[in-house]
Amino acid sequence: MDANLQFWRAEGQSFFQRFLLWADVLDPLLLLKSSDEIRRARLLLQNSGKTLSEPTQNDQTKQAFLLSLSSVHPDTDKIIPVLFRPPAFLPISLPLVLASSLPLQAKQSFFCQFLFHTYTTGFTLLNGNGTAKAEEYSLEQKQIFYGLGAISYAACIGALPLVFMNRYTLKSSLTQLVVKKLLPAPLLGLMSAFTVAVVRSPEFENGIEVMDRNGKVVGVSQKAGEKAVKETALSRAVLFGTTFFLPSVLVHFVERAKLAKTPRALASVRMFAITSVLAGMIPVSLSMFPQCGEIKRADLEPEILSSTEETELFYNRGI
């Protein structure tokens, strides 16, 4: 079992523990570390000889774990491209979310959402489970092909309400309320979950590796892949759905109370609210489910049941 997954098993048992860990892992300063520093951190962890349940007390070892968790994929042992590492998620996704929240025309909205879903899909692709295999052709080609389709579809769905409103000249106050304030949050949440499910579909189509508590791979499970993708898709829907919903509610009450005297002041309130909610919801959504996922032996395929007596098996959930 990779050192990253060992760390999540040892110190990420509860939601609160995972939240505190993600708060440290998401530190943007970790993006400044060089590849050599990352490799030295991985070498330190490999030579430390820690067990699965041993807590981390040494500060140097803990810093090495944080750098490894923020920079290295646990399945491939490869360094993740800097723009798609977890600490880069907030700085890059924030301006894309802000742009997508603006009251734009349909074409502009499509373009902003296309950029947003392109980045989040790339992030999903590079941080998903890396043990899935494709028999017919390259897994990367299949995921890129699926990803492009999912991005285009999600951007179209996001802009579709504006297209209908403009084409059929639906300008009533109720239509404006529904299209511009009520629909964006559930649409963005659903489409974010949709892109995760599509780009990571090989995981539940072909299965992912599951391990015993000692880190030994005992088989490849489609059911574990399905569980990993469902949990990640749900967490992504909660993240972006909440990021759009709560600021909309806040801005609505600010408007009704006439606390913002000018449109510029109201826009500033909206931007501040979105920034605050997104910054808080990223570690919350990532902490909803264990990073080192668990699945009961009884829930797995018959061929895996016959190969182990372990009651629980483990897998990398991905991000």
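- In Met288, the CE atom is crowded: over 12 heavy atoms of neighbouring residues, nucleotides or ligands sit closer than 6.0 Å.
- Side chains of Asp77 and Asp2 form a contact here, defined as non-hydrogen atoms less than 4.5 Å apart.
- Side chains of Glu312 and Ile295 form no contact here, defined as non-hydrogen atoms less than 4.5 Å apart.
- By the 6.0 Å contact criterion, NZ on Lys230 is open, its count of non-hydrogen atoms from other residues, nucleotides or ligands being 12 or less.
- Evaluated for a side-chain contact (heavy atoms from CB on, under 4.5 Å) with Leu286, the options Thr232, Val25, Leu239, Ile319 yield exactly one hit, Ile319.
- The ring-ring contact (aromatic ring centres under 6.0 Å, His included) with Phe116 is formed by just one residue from the set Phe110, Phe111, Phe240; it is Phe240.
- Side-chain contact between Leu5 and Met211 is present, with heavy atoms from C-beta onward closer than 4.5 Å.
- Using a 4.5 Å heavy-atom threshold, the side chains of Ser192 and Thr120 count as separate.
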Task: From CA spacing to verdict: side chain to side chain donor-acceptor pair (under 3.5 Å), Arg85, Ser70 - done: CA-CA 6 Å; Arg85 295 176 193 170; Ser70 67; over 6 Å; no

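- Residues Arg317 and Pro290 fail the side-chain proximity criterion, which asks for heavy atoms closer than 4.5 Å.
- For the residue pair Ser221 and Glu301, a side-chain donor N or O sits within less than 3.5 Å of a side-chain acceptor on the partner.
- With a 6.0 Å radius and a threshold of 12 heavy atoms from other residues, nucleotides or ligands, Phe15 has its CZ atom above the threshold.
- In this model, a donor atom of one side chain and an acceptor atom of the other lie less than 3.5 Å apart for Thr131 and Asn129.
- One finds a salt bridge joining Lys142 and Glu205 here, because a Lys/Arg side-chain nitrogen approaches an Asp/Glu carboxylate oxygen to under 4.0 Å.
- Contact annotation: the side chain of Leu26 approaches that of Pro86 to within less than 4.5 Å [non-hydrogen atoms, C-beta and beyond].
- The CE atom of Met281 sits 13.0 Å away from atom CG of Leu90, with the distance rounded to the nearest 0.5 Å.
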Task: Evaluation steps, side chain to side chain donor-acceptor pair (under 3.5 Å), between Arg236 and Thr124 - done: CA-CA 10 Å; Arg236 196 70 60 83; Thr124 301; 2.9 Å; yes

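- Tested against Trp8 for a ring-ring contact (aromatic ring centres under 6.0 Å, His included), the candidates Phe289, Tyr315, Trp22 yield a single pass: Trp22.
- For Phe194, the CZ atom is densely surrounded, since the number of other residues' heavy atoms within 6.0 Å is greater than 12.
- At a cut-off of 3.5 Å, with distance as the only test, a side-chain donor of Arg42 or Asn4 sits close to an acceptor on the other residue.
- Using bins of under 30°, 30° to 60° and over 60° for the plane-to-plane angle, the ring pair Phe89/Phe123 lands in the tilted bin.
- Looking at heavy atoms from C-beta onward, Glu294 lies in side-chain contact with Phe314 at the 4.5 angstrom threshold.
- Residues Leu188 and His117 meet the side-chain proximity criterion, which asks for heavy atoms closer than 4.5 Å.
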